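For reference, the structure discussed in these notes is given below.
Nothing here was measured: the structure is a model prediction, and the numbers come from that model. Excluded from the calculations below are hydrogen atoms, water molecules and symmetry mates; all remaining heavy atoms, backbone and side chain alike, are included. The chains referred to below are lettered A, B, ... by the order of the sequence lines, with proteins before strands, and numbering in each begins at 1.
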2 protein chains.
Amino acid sequence: MNIGKAAKLSNLTVKAVRYYANIGLVKPQQNIFSGYREYTSEEVAKLKFIGKARKFDFSINECKELLSLYEDKNRTSKEVKKITLEKITQIDSKLKDLRDLRNELSFLASNCNGDDRPNCPILEELSKN
Amino acid sequence: MNIGKAAKLSNLTVKAVRYYANIGLVKPQQNIFSGYREYTSEEVAKLKFIGKARKFDFSINECKELLSLYEDKNRTSKEVKKITLEKITQIDSKLKDLRDLRNELSFLASNCNGDDRPNCPILEELSKN
DNA sequence: ATACACCTTCCTGTAAGGGGAAGGTAAAGG
DNA sequence: CCTTTACCTTCCCCTTACAGGAAGGTGTAT
């Protein structure tokens, strides 16, 4: 099938699917005469796989890793779990940063009258030495 | 003072400070003969301000806004508070997405033995139709 | 035959700088 | 006075993961 259908079936944009072909993530055959990419249903399955992994915040490189593990019938679940746990650690770190940030901003905002006067503790904090 | 000192005093990199000059965020005078940028202590204060705002996850454009509010002696605290509250809303949304993500990944990981056998619920989930 | 949908490659842009090359300038040391 | 060293300049490419759009080829329905 052509790229449009493959994109639709995998819930990705044509642009993204073409991008994955260009970087060698999912490389379909290309019709010699028309130049059109021709996707098999197995390739569509890989695209779906990638789409889901991307939603799980895995980077393209991590998707590449996961995909090769997925294709390797001899891989152990240990390898996959390791990548997943690393990802969870990353997310925890991001969560902490965002929570801290939110607390500070929220503290500043709650101390700001938000009225028509110029007095503003938020800017004061930002301009502190 | 030269850019190196300004960068050190504001806890920014020289690259970042030069970048801010290029995009017109903090534009110092430039010595006509040497071409060196010459920073005043007021400009360093603005750099510090930006550095802090960036740490608070404000984008460059938001920094520009905050900076102009900061410089405008007639601005009201309402304007600043509005931007800050919007930022908090953004952060809350990010936090929710990350939490959901973490829950799903953590669920998958906890169901994966992580042993030397190939059976892996994480990959199974990713390859589901 | 033509209209229209779909496909191709190629180029540019995104956010916020980092890395590094090639070369000019300033200040310290001998 | 000369050289080394440190610092400065501009310029260009790299990063992530595509999106947008131009110019042009292909396939199909009417």
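Following rounding to the nearest Å, Tyr19(B) (OH) and dT15(D) (C1') show an atom-to-atom distance of 13 Å. Between Lys8(B) atom NZ and dA6(D) atom P the separation is 12 Å, expressed in whole Å. To the nearest angstrom, C1' of dC18(D) lies 13 Å from CD1 of Ile3(A). Across the protein-nucleic acid pair, Lys5(B) atom NZ and dA6(D) atom C1' stand 16 Å apart, rounded to whole Å. When rounded to the nearest whole Å, the span between CD1 of Ile32(B) and C1' of dT9(D) equals 16 Å. Between the CZ atom of Arg37(A) and the C1' atom of dG25(D) there is a distance of 14 Å, given to the nearest Å. For Met1(B) and dA6(D), the CE to P distance is 22 Å, given to the nearest whole Å. Rounded to whole angstrom, the span from the CZ atom of Phe58(B) across to the P atom of dA16(C) amounts to 13 Å.
In this structure, the side chain to side chain donor-acceptor pair (under 3.5 Å) partners of Glu71(B), at least two apart in sequence or on a different chain, are Lys46(B). With sequence neighbours left out, the side chain to side chain donor-acceptor pair (under 3.5 Å) criterion links Gln29(A) to no other residue. Under the side chain to side chain donor-acceptor pair (under 3.5 Å) criterion, Lys5(A) pairs with no residue, sequence neighbours left out. Every residue meeting the salt bridge (Lys or Arg N to Asp or Glu O under 4.0 Å) condition with Glu86(B), not counting sequence neighbours, appears here in chain and number order: Lys82(B). With sequence neighbours excluded, the residues that form a side chain to side chain donor-acceptor pair (under 3.5 Å) with Gln90(A) are Lys87(A). Considering only residues two or more places apart in sequence or on other chains, Tyr36(B) meets the ring-ring contact (aromatic ring centres under 6.0 Å, His included) condition with none of them.
The main-chain N or O of Gly114(A) is found under 3.5 Å from a side-chain atom of Ser77(B) such that the two form a donor-acceptor pair. The backbone N or O of Gly35(A) lies less than 3.5 Å from a partner atom in the side chain of Gln30(A), making a donor-acceptor pair.
At the heavy-atom level, Ile23(A) lies nowhere under 4.0 Å from the strands shown. No contact: Glu38(A) has no heavy atom under 4.0 Å from any strand.
At dT26(D), none of the side-chain N or O atoms of Gln30(A) fall inside 4.0 Å of OP1 or OP2 (strictly under the cut-off). In this structure, Arg54(A) reaches the dA17(D) phosphate: one of its side-chain N or O atoms is under 4.0 Å from OP1 or OP2.
Residue Ala16(A) has its side chain nearest to dC18(D) when only dC7(C), dC18(D), dG17(C) are considered. Here the nucleotide nearest the side chain of Ile60(B), chosen from dT9(C), dG17(C), dT10(D), is dG17(C). Checked against dA16(C), dC18(D), dC7(C), the side chain of Ser59(B) finds its nearest nucleotide in dA16(C). Residue Tyr20(A) places its side chain closer to dC18(D) than to any other of dC18(D), dC8(D), dT8(C). Distance from the side chain of Asn2(A) is smallest to dC7(C) among dC18(D), dC7(C), dT10(D).
Looking at heavy atoms from C-beta onward, Lys94(B) lies out of side-chain contact with Leu98(B) at the 4.5 angstrom threshold. Counting heavy atoms from C-beta outward, Arg54(A) and Phe56(A) have side chains that stay 4.5 Å or more apart.
Ranked by how close their nearest DNA chain D nucleotide is to the 5' end, Val14(A) and Asn22(B) are led by Asn22(B).
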Distances for protein N or O near nucleotides 1-4 of chain D N or O, under 3.5 Å:
none

Discussion item. One character per nucleotide, please: for nucleotides 19-28 of chain C, 5' to 3', B when the base has a protein heavy atom closer than 4.0 Å, S when only the sugar-phosphate does, - otherwise.
Written reply: BB---BBS--
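Each end of the helix from dA1(C)-dT30(D) to dG30(C)-dC1(D) gets its own axis, taken as the rotation carrying the C1' atoms of four end pairs onto the next four within a five-pair window, and the two axes meet at 30° to the nearest 10 degrees.
Residue pairs meeting the side-chain hydrogen bond (donor to acceptor under 3.5 Å, both in side chains) criterion with at least one partner in residues 96-106 of chain A, sequence neighbours excluded, are Lys96(A)-Asp100(A), Arg102(A)-Asp92(B). Applying the salt bridge (Lys or Arg N to Asp or Glu O under 4.0 Å) definition to pairs two or more places apart or across chains, those involving residues 109-119 of chain A are Asp115(A)-Arg117(A), Asp116(A)-Lys78(B).
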Distance-only criterion, 3.5 Å: show the donor-acceptor pairs between side-chain atoms of residues 11-20 of chain A and protein atoms not counting sequence neighbours.
from: Thr13(A); atom 1: OG1; to: Ala16(A); atom 2: N; distance (Å): 2.9

